[in-house]
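Since the structure comes first, as structure tokens, the remarks are kept for the end.
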Protein chains: 2
Amino acid sequence: MASSSRTGPAAVSAPVTIRDVAQAAGVHVSTVSRALDPRRRSLISAEVLAQVEAAARKLGYRPNRAASALRTGRTHTIGVLLPDITNAVFPPILEGIEASAASRHYFMLMAHAADNGTARAIVERMLAQRVDGLVMATATRDDPLIDFVTAAGIPAVLVNRADDSGRLGAVVSDDRLAMKLAVDHLAQLGHVRIAHLAGPQNLPTGVGRRQGFEQALRDRGIKPSPIIECTAYSRDAGRLAMQQLLARPKRPQAVVCCNDLVALGAYDAMLAAGLQVPHDLSITGHNDMPLVDLVSPPLTTVRLPHRELGWRAAEMLFESIAGEAGSASTVVLRPELVVRASTAAPRVLAGH
Amino acid sequence: MASSSRTGPAAVSAPVTIRDVAQAAGVHVSTVSRALDPRRRSLISAEVLAQVEAAARKLGYRPNRAASALRTGRTHTIGVLLPDITNAVFPPILEGIEASAASRHYFMLMAHAADNGTARAIVERMLAQRVDGLVMATATRDDPLIDFVTAAGIPAVLVNRADDSGRLGAVVSDDRLAMKLAVDHLAQLGHVRIAHLAGPQNLPTGVGRRQGFEQALRDRGIKPSPIIECTAYSRDAGRLAMQQLLARPKRPQAVVCCNDLVALGAYDAMLAAGLQVPHDLSITGHNDMPLVDLVSPPLTTVRLPHRELGWRAAEMLFESIAGEAGSASTVVLRPELVVRASTAAPRVLAGH
DNA sequence: TTGAAAGCGCTAACAT
DNA sequence: ATGTTAGCGCTTTCAA
């Protein structure tokens, strides 16, 4: 009633400020500020608090975070950098990050960075936006981006990629264990000639999985036959690598692939060569992407706790933002083997 | 040389402000502000401009967007609301949105909203963050969220879901055409008894595809046999619906599914019932998710231009943000049929 | 317990 | 072409 210059809670014309609320409640702006902050609410008398809340609700007050960000230096926003959201490992990671962020009422500023150059530019812009921290899934080995982020002094953690220099916290899956699980499974089936389609060796996961593969073979006293490096973690790169492998004189009995996409590319090459999985050759993947249980044959692979990877990374970031000295610098999560139909005992050779 | 209080470009200690740059360049802050804004740079003499840029670079100046947002009311940020990022249709949509945003140096604030209640709360917080606009992939039919967003007066567009009330712009795929493509393909193969596993009828796509299915059958003078509604767009819901269908007396010859996940659930049910696709029954999907070409049998489905869906939605949003009266309120993109091995001519019954 | 006042870093009139 | 000035909306000392 009386003459109100606003039309209602949802009116957009002139956004409602803390000053409007103060006026409506008959108190000072600083009182409103206190009343609306959960941490300082206790300083206010119950009576005034009720008045302020009523006024805020009636006017449809919405705090202006840009203003509070300017004043406090906190934006309640974290930046998330991904190499490629269409790669199926990242959505669950993102979901984990968001679950953690949302529980703290933080938002995610999301961006793709195909290559190092754009990644640097994006981080630069994110710093300009004054994100409170950074989760990065993109760093290559010895990435200059890590130097940059470290120098900028902003809280940051890596996910799905470790920092070899140890300056940034990271949450990763145990790549060596993953490869050991795959190799042990194949060895138990009776395979001896086991090859590896390795990931790009400029990525930490590419190196880690390759080393894990080599170590697992060494533990059993056998040699790789052989290891071929893919140019990317893609189906196409997997097909090409597998073609190379099949062109060699002595065909392996089994192939451990650096990830599912590469394994599916290997399927493509097998099909093109008129060979059958697992009859002519067993194949394992890595990641347990959606639908690999439905391909033909269903893929034996290593399952990663993707969601937890993201969640833990974000939790670690928030600890760092809160100023807690992050003691645990790299968290390593356990993968598990999922046996399906792409692996079987090697075919007994005619003549034996 | 001289006594500099800062240690270098990357120093984080005391963030460099426009004032520091002005001092270093021997000019006034407003000159710096102008020199650093591409649109007003032309007002500055080349000489001064060079000085300012040199000073900014030397000090490692990074504009504070929170301050500029407070002043201008523009955050260069759009909010993106998704129901579920792990659903494979959304990553390419997101990618399209980001491509558009990135080209304008905008960031995306991303959030999931499982249900309507949380969606409302998230939008509320996004408004507090002063996003410049909203892309929503979540609205159900007659969603109160649309009322809210409209009332808030913030630029917003829907993607992958139309607004029946026509207040918000939207970019969608042509669901009716998609179903017609599937039905026509099956009819040409000789199928007559064609069933539909429909999506949830509280979602625009669920209704649209169902109507498209019905219309396509009507055009050919045949009746659905029958239509069963799934409780969700999920593999599990598809399996359950297919079980219901198979439990009925007269089994259909072909089933048009509302999406790929549901179709894969139908595969599950077929497998459990000891039936073969397409020998005993043809199945079509919708979306052409990654890997559905590799499942067994490879799925005949309808491909959507997901990336373009996202890209166009964002473009539409930016037009709206720029204040251009959006004449085209709903953009409908064309899907295309992808024929694979899950559809075949109906088996000729014994005795014919 | 509440009020007063200053200022975060920037932009945009307005003045020169 | 550049300088002056005010103020965006909020938080946070300091005072009462």
Side-chain angles (χ1 to χ4, degrees), chain A residues 12-53 55-56 59-77 125 127-130 132, chain B residues 6 12-53 55-56 59-77 125 127-132:
Chain A
V12 73
S13 36
V16 180
T17 76
I18 203 174
R19 189 131 55 220
D20 299 320
V21 177
Q23 203 165 350
V27 297
H28 195 265
V29 287
S30 59
T31 306
V32 175
S33 174
R34 283 188 273 256
L36 265 29
D37 178 353
R39 277 192 309 281
R40 296 179 299 154
R41 201 199 295 298
S42 51
L43 303 175
I44 302 290
S45 72
E47 191 189 15
V48 172
L49 203 155
Q51 281 172 2
V52 170
E53 283 182 335
L59 298 179
Y61 172 70
R62 215 173 343 254
N64 184 332
R65 284 236 172 260
S68 104
L70 175 57
R71 178 65 227 235
T72 64
R74 283 292 170 87
T75 53
H76 292 269
T77 288
R125 287 178 46 226
L127 292 179
Q129 287 279 359
R130 296 301 195 264
D132 294 340
Chain B
R6 314 218 175 276
V12 74
S13 36
V16 180
T17 76
I18 203 173
R19 189 132 56 219
D20 300 320
V21 177
Q23 201 165 351
V27 296
H28 196 267
V29 288
S30 60
T31 306
V32 175
S33 175
R34 282 189 274 258
L36 265 28
D37 178 354
R39 276 192 311 281
R40 296 178 300 155
R41 202 199 296 297
S42 52
L43 302 174
I44 302 290
S45 73
E47 193 189 12
V48 173
L49 202 156
Q51 281 172 2
V52 171
E53 282 182 335
L59 298 179
Y61 171 70
R62 209 168 355 250
N64 184 333
R65 283 235 171 264
S68 117
L70 175 58
R71 178 66 229 233
T72 63
R74 282 292 171 85
T75 52
H76 290 100
T77 288
R125 287 179 45 225
L127 292 179
Q129 288 278 358
R130 296 301 194 265
V131 294
D132 293 340

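Side chains included, hydrogens not; waters and symmetry mates left out as well; all remaining heavy atoms used. Chain letters run A, B, ... following the sequence lines, proteins first, then strands; residues in each count from 1.
Between atom OG of residue B/Ser68 and atom CZ of residue B/Arg74 there is a gap of 11.0 Å, rounded to the nearest 0.5 Å. Taking CG from A/Leu43 and CG from A/Asp37, the interatomic distance works out to 9.0 Å, rounded to the nearest 0.5 Å.
The side-chain contact (heavy atoms from CB on, under 4.5 Å) check on A/Gln129 picks up A/Leu109, B/Arg65, B/His76, B/Thr77, B/Phe107, with sequence neighbours excluded.
Comparing B/Leu43 and A/Ala67 by the nucleotide of DNA chain D whose heavy atom lies nearest to each, the residue mapping closer to the 5' end is B/Leu43. For B/Ile44 and A/Pro63, each mapped to the nucleotide of DNA chain D holding its nearest heavy atom, the one lying further toward the 5' end belongs to B/Ile44.
In plain terms, the two heavy atoms of A/Ala67 and B/Leu70 that are nearest each other are CB-CD1, 3.6 Å.
Here C/dC8 presents its P atom at 6 Å from CZ of B/Arg19, a figure rounded to the nearest Å. Distance, B/Asp20 CG to C/dC8 P: 11 Å, rounded to whole Å. Between A/Arg74 atom CZ and D/dG9 atom P the separation is 24 Å, expressed in whole Å. When rounded to the nearest whole Å, the span between CG of A/Asn64 and C1' of C/dG9 equals 14 Å. Rounded to a whole Å, the CZ atom of A/Arg65 is 8 Å from the P atom of D/dT11. Look at CG on A/Leu70: it is 17 Å from P on D/dG7, rounded to the nearest Å. Taking atom OH on A/Tyr61 and atom P on D/dG9, their separation rounds to 10 Å, with Å as the unit.
Few gaps surround CZ on B/Arg40; more than 12 heavy atoms of other groups in view lie less than 6.0 Å from it. The environment of CZ in A/Arg41 is crowded: more than 12 heavy-atom neighbours from other residues, nucleotides or ligands sit within 6.0 Å. Shown here is B/Gln23, whose CD atom has no more than 12 heavy atoms of other residues, nucleotides or ligands within 6.0 Å.
Terminal axes of the helix from C/dT1-D/dA16 to C/dT16-D/dA1 (five pairs each, C1' rotation axis) are separated by 30°, to the nearest 10°.
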Could you check A/Asp20 against A/Thr17 for side-chain contact (heavy atoms from CB on, under 4.5 Å), going step by step and ending with a plain yes or no?
-> CA-CA 5 Å; A/Asp20 299 320; A/Thr17 76; 3.5 Å; yes

Would you sort out whether B/Leu36 and B/Tyr61 count as a side-chain contact (heavy atoms from CB on, under 4.5 Å), showing the intermediate values?
-> CA-CA 11 Å; B/Leu36 265 28; B/Tyr61 171 70; 3.5 Å; yes

Polar atom pairs (N or O), protein with nucleotides 12-16 of chain D, under 3.5 Å:
from: D/dT12; atom 1: O4'; to: A/Arg71; atom 2: NH2; distance (Å): 3.4

